Amino acid sequence: MVSATAAPARSFAPATAESPAVRLVLVGLSVLFLSVFLLAPLALIFVTAFGHGIAAYFQTFTNPDTLSAIRLTLLAAAIAVPCNLVFGVAAAWAIGKFEFFGKSFLISLIDLPFSVSPVVAGLTYVLLFGAQGFFGPWLTAHDVHIIFAVPGIVLVTIFVTFPFVARELLPLVAAQGNEEEEAALTLGAGGWQTFFRVTLPNVKWALLYGVILCNARAMGEFGAVSVVSGHIRGLTDTMPLQIEVLYNDYQFVPAFALASLLALLALATLVVKSAIEWRSAKPSEALEGEAA
Amino acid sequence: MSITVRGISKRFARFAALDSVDLDVPHGRLVALLGPSGSGKTTLLRIIAGLETPDAGSVHFDGRDISDQTTRERRVGFVFQHYALFRHMTVFENVAFGLRVRPRGTRPSAQRIRERVGELLELIQLGSQAGRYPSQLSGGQRQRVALARALAVEPSVLLLDEPFGALDAKVRLELRRWLRALHDEVGVTSVFVTHDQDEALEVADQVAVMNAGRIEQVGTPDEVYHHPATPFVYNFLGNVNLFHGRVDDGVTRLVREATGHLVFIRPHALDLARQPNGANTIRAVTKHIHAAGPVVKVEAVTEWGAPVHVEIGQERLRELSLQKGDEIFITPRDVAVFADD
Amino acid sequence: MTRVSWQFRKRSIIPGFGLTLGFTIFYLSLIVLLPLSATFVQTSKIGWQHFWHVVTTPRALASYELSFGASLIGAFLNFVLGTMVAWVLVRYQFTGKRLIDSIVDLPFALPTAVAGIALTTLYATTGWFGHPLSSIGVHVAFTRLGVIVALTFIGLPFVVRTVQPVLEDLDKELEEAAASLGASRWQTFARVIYPAIFPAALTGFALAFSRGVGEYGSVIFIAGNMPMRTEIAPLLIVTKLEEYDYGGATAIAVVMLLLSFVMLLAINALQRWSGRREALAGG
């Protein structure tokens, strides 16, 4: 299926290329490695999900607990993603457009949720809002439930997806410099006009990619949500938690059927990412094509 | 609208970019800020535009202090060195931007904006390129779009930062003549920054020569070239020979030893002869003769070993029938003397 | 109009600094810093002796050993194989390359629980890979080997994605210069290319390691979760929480948090180093 293309016909091998045999071995090893570790698990998900036929696959989505898990996952992502989108844009503007004291420290802090274990992230929220936690007594007194309830799930989802949009936008906003914004200001544009008409169009693809990654992670988060959810079936189980429940009940087809939805989301994320990369890699050529 | 700058100072981290600068730009003039890189000329331009805030001093438009106004309120047209065209907008949209972002009350109608942009695109001879994106234009075309975009908002003053800096030599020459003609047509008070003395001398009504955060001299191109106020200006505005000299009864004599006076002489202000001619003549030996081009450049060494550059016409070269290694006598016609400190 | 000489930030006419920085710091504090500091406050309530006792029980030590050891092995596998994949993707043209390039990010996009059940099914004794492997006596699922497989999967994109851009930017002239000076292809790789991509590969290694140590979802299905043998540190936290041992869970979490901070600092330092090397190479 995969073969290295032969080197162009020349009377001698170029000094900066490997022999065809070396190429073939390297390409072969890489494809084998990625097939074993990535393609095989991916294929297995769909094969198992459809293992008992299409009807059994769709039967999964009549289970009320499963449907409620899908609803909860959508809800958590629908809150977490916009929050982190607004944050990402604000952080990228503050950090990318200005020089100030402590900037690199701030960038490190924004990255922090990436290096904290999801389980630890969940635990910190339990320690803050749980019955034994910091605000626990107050929350209990006012009958507010955060841990083992939907607000806790939303909060930890925000935590684990916190850096995604900021991370994608920051380098781009910084690399674009301030000249176009200055030009807009000299032409009489206000701050918001400058942002919406000049800055945003220039970073829209990175923004979209950040949002999509953020969304994929928000819908798929397991460890952190598992800690704060309390696993109340039909109430506080998200899609990944419901997958665990089904899997542990040996209901493999429903487990993989539900997993296949998340796998499709992951594949869609990868497709969008590739499309954006392809687009931004050759904008000038595309434009020249239009002009001709 | 006239521009007045009073006592502007600006420091960046360790070095003083501007040190108490004063400048007057009368209404309708085209003024060049000329200086080497790091002389503070771009900083001064950005302060006039409100893109940079000075540490001290004030800027006035028509006598009105506008130091506390934002860039937006100043209504300046600014042309950036690298154009800063909006890359996701077409040429038309770039030029229309300044009109479209006006508050609803003062915003022209869509029809009026189309007409105005159309006029400007005709003015910059890019009427047929309205639908193109900046990445599809040549450097010179981008430059003209940047200019049209700045003019679209009918600015009170036009500020240009190294407007031809990023262009190749031939386009540069064309565009600076075009800019001069455009200025004569539009008549808006304009200031442009350049490090190229030919550009400043050819295009501007007035040249302000800047060095190390200060203005050394302001004058017409003729004044700054022929009557430089300081050694720096003399040096910066063309090739120059440097001698020690002694001034007796208004006559400058070139001498070998340091005297406390420096004499600046342009290469074309030196005469060559086969025979000594009067008292104020130095003997020299030719080292190289570059005869390609309209002007012949002669490199010689004086009797005390100092290099001298002389420019003469082709005619004169034939009269002298000069060869490499010949003994010649050099007589200055036009000199400038500065105290050596 | 004299202004103070020292400024918190360089003056700029771009608007919105106060608003955006203010919101950034507010949101960061609310979502990240407040919960994390709560953990340290809770720990201080436990008392040093109890804390030390909890974090050094044999069961806890065994879980660190597994989490760190398996992460190190997984990250090392990715260091070698990821560099190779990056090289292949940048330097060679072959059919299916676009697909391979896109699929590398799968572990970033695929939910960990989904990866966990897929890997477990794959390597169980009845699975596609598990069946042939068990017939030659290799057991992956529910052993430490399974943990390594899961952590290799999770860390796979990091090295590829840190090395790839560096390789793309690498000046071809450097290699041509080396070749013109008589270096063999292998010498050119070892002495010219490898030193240029090493900082990036090391950064990817550190990122993969850091991710692996904290990983939970993809591991717990395949690990078997036997205390002392196949129990990872994050699972120990969850177990203690389920036993309502908040103090114990917090103590282990603090150990892991401290490790996260150390790794974050190390990764930042690596990225600065790698960035400087690139800047120099770009000259």
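Per chain, numbering begins at 1; letters A, B, ... match sequence-line order. This is a predicted model, so every value here is computed, not measured.
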Ser115(A) versus Ser260(C), side-chain donor and acceptor atoms under 3.5 Å = no
For Leu241(A), is it the side chain, the backbone, both, or neither that has a heavy atom closer than 4.5 Å to a heavy atom of chain C?
-> neither
Measure distances from Leu185(A) to the heavy atoms of chain C and classify the residue's part below 4.5 Å as side chain, backbone, both or neither.
-> side chain
Closest heavy-atom pair, Ala109(C) versus Ala266(A), reported as atoms and distance to 0.1 Å, is O-CB, 3.4 Å
Any chance you could measure Arg98(C), atom CZ, to Glu277(A), atom CD, to the nearest 0.5 Å?
-> 9.5 Å
Cut-off 4.5 Å, heavy atoms of chain C, and the answer for Val89(A) is neither
Approximate separation, where rounding is to 0.5 Å, of Thr124(A) OG1 and Gln42(C) CD = 11.0 Å
Give the ring-plane orientation class for Phe222(A) versus Tyr216(C), where under 30° counts as parallel, over 60° as perpendicular and anything between as tilted.
-> parallel
Examine whether an atom of Val227(A) lies under 4.5 Å from a heavy atom of chain C, and if so say whether it belongs to the side chain, the backbone or both; otherwise answer neither.
-> side chain
For Leu122(C) and Pro41(A), the nearest pair of non-hydrogen atoms, with its separation, is CD2-N, 3.7 Å
Answer yes or no: is there a side-chain heavy-atom contact under 4.5 Å between Thr39(C) and Leu128(A)?
-> no
Which atoms of Ile243(A) approach chain C - backbone, side chain, both or neither, heavy atom under 4.5 Å = side chain
Do other residues, nucleotides or ligands put more than 12 heavy atoms under 6.0 Å from the CZ atom of Phe26(C)?
-> no
Does a side-chain heavy-atom distance below 4.5 Å link Trp93(A) with Leu19(C)?
-> no
When rounded to the nearest 0.5 angstrom, what is the spacing between CG in Asp105(C) and NZ in Lys273(A)?
-> 3.5 Å
Are Phe108(C) and Thr269(A) close enough that some pair of their side-chain heavy atoms sits under 4.5 Å apart?
-> no
Distance flag, aromatic centroids of Phe37(A) and Phe153(C), threshold under 6.0 Å | no
Flag the pair Ser102(C) / Val271(A) as yes when at least one side-chain heavy-atom distance between them is below 4.5 Å, and no otherwise.
-> no
Does the side chain of Leu264(C) come within less than 4.5 Å of Phe114(A)'s, by heavy atoms?
-> no
Leu109(A) pairs by side chain to side chain contact (heavy atoms under 4.5 Å, CB included) with which of Leu36(C), Thr24(C), Leu28(C), Val32(C)?
-> Leu28(C)
When rounded to the nearest 0.5 angstrom, what is the spacing between OG1 in Thr194(A) and CD1 in Ile14(C)?
-> 7.5 Å
Chain C contact via Leu34(A) - which portion, at a heavy-atom distance below 4.5 Å | side chain
Side chain / backbone / both / neither for Phe134(A) at chain C, heavy atoms under 4.5 Å | both
Do the ring planes of Phe87(A) and Phe23(C) sit parallel (below 30°), tilted (30 to 60°) or perpendicular (above 60°)?
-> tilted
Can you check whether Leu21(C) reaches Leu106(A) side chain to side chain, under 4.5 Å on heavy atoms?
-> yes
Reported CD1-to-CG distance for the pair Ile103(C) and Leu267(A), which is rounded to 0.5 angstrom = 6.0 Å
So what's closer than 4.5 Å to chain C heavy atoms on Tyr247(A): side chain, backbone, both or neither?
-> side chain
Given that the side chain runs from C-beta out, which part of Leu39(A) has a heavy atom under 4.5 Å from chain C: side chain, backbone, both or neither?
-> side chain
Checking heavy atoms, do the side chain of Val126(A), its backbone, both or neither come under 4.5 Å from chain C?
-> side chain
Given a strict heavy-atom distance threshold of 4.5 Å, which part of Ala43(A) is in contact with chain C: side chain, backbone, both, or neither?
-> both
Where does Leu262(A) contact chain C at under 4.5 Å (heavy atoms): side chain, backbone, both or neither?
-> both
Is any side-chain heavy atom of Tyr125(A) closer than 4.5 Å to a side-chain heavy atom of Ile31(C)?
-> yes
Once you round to the nearest 0.5 Å, how far does CH2 of Trp128(C) lie from CG of Leu44(A)?
-> 4.5 Å
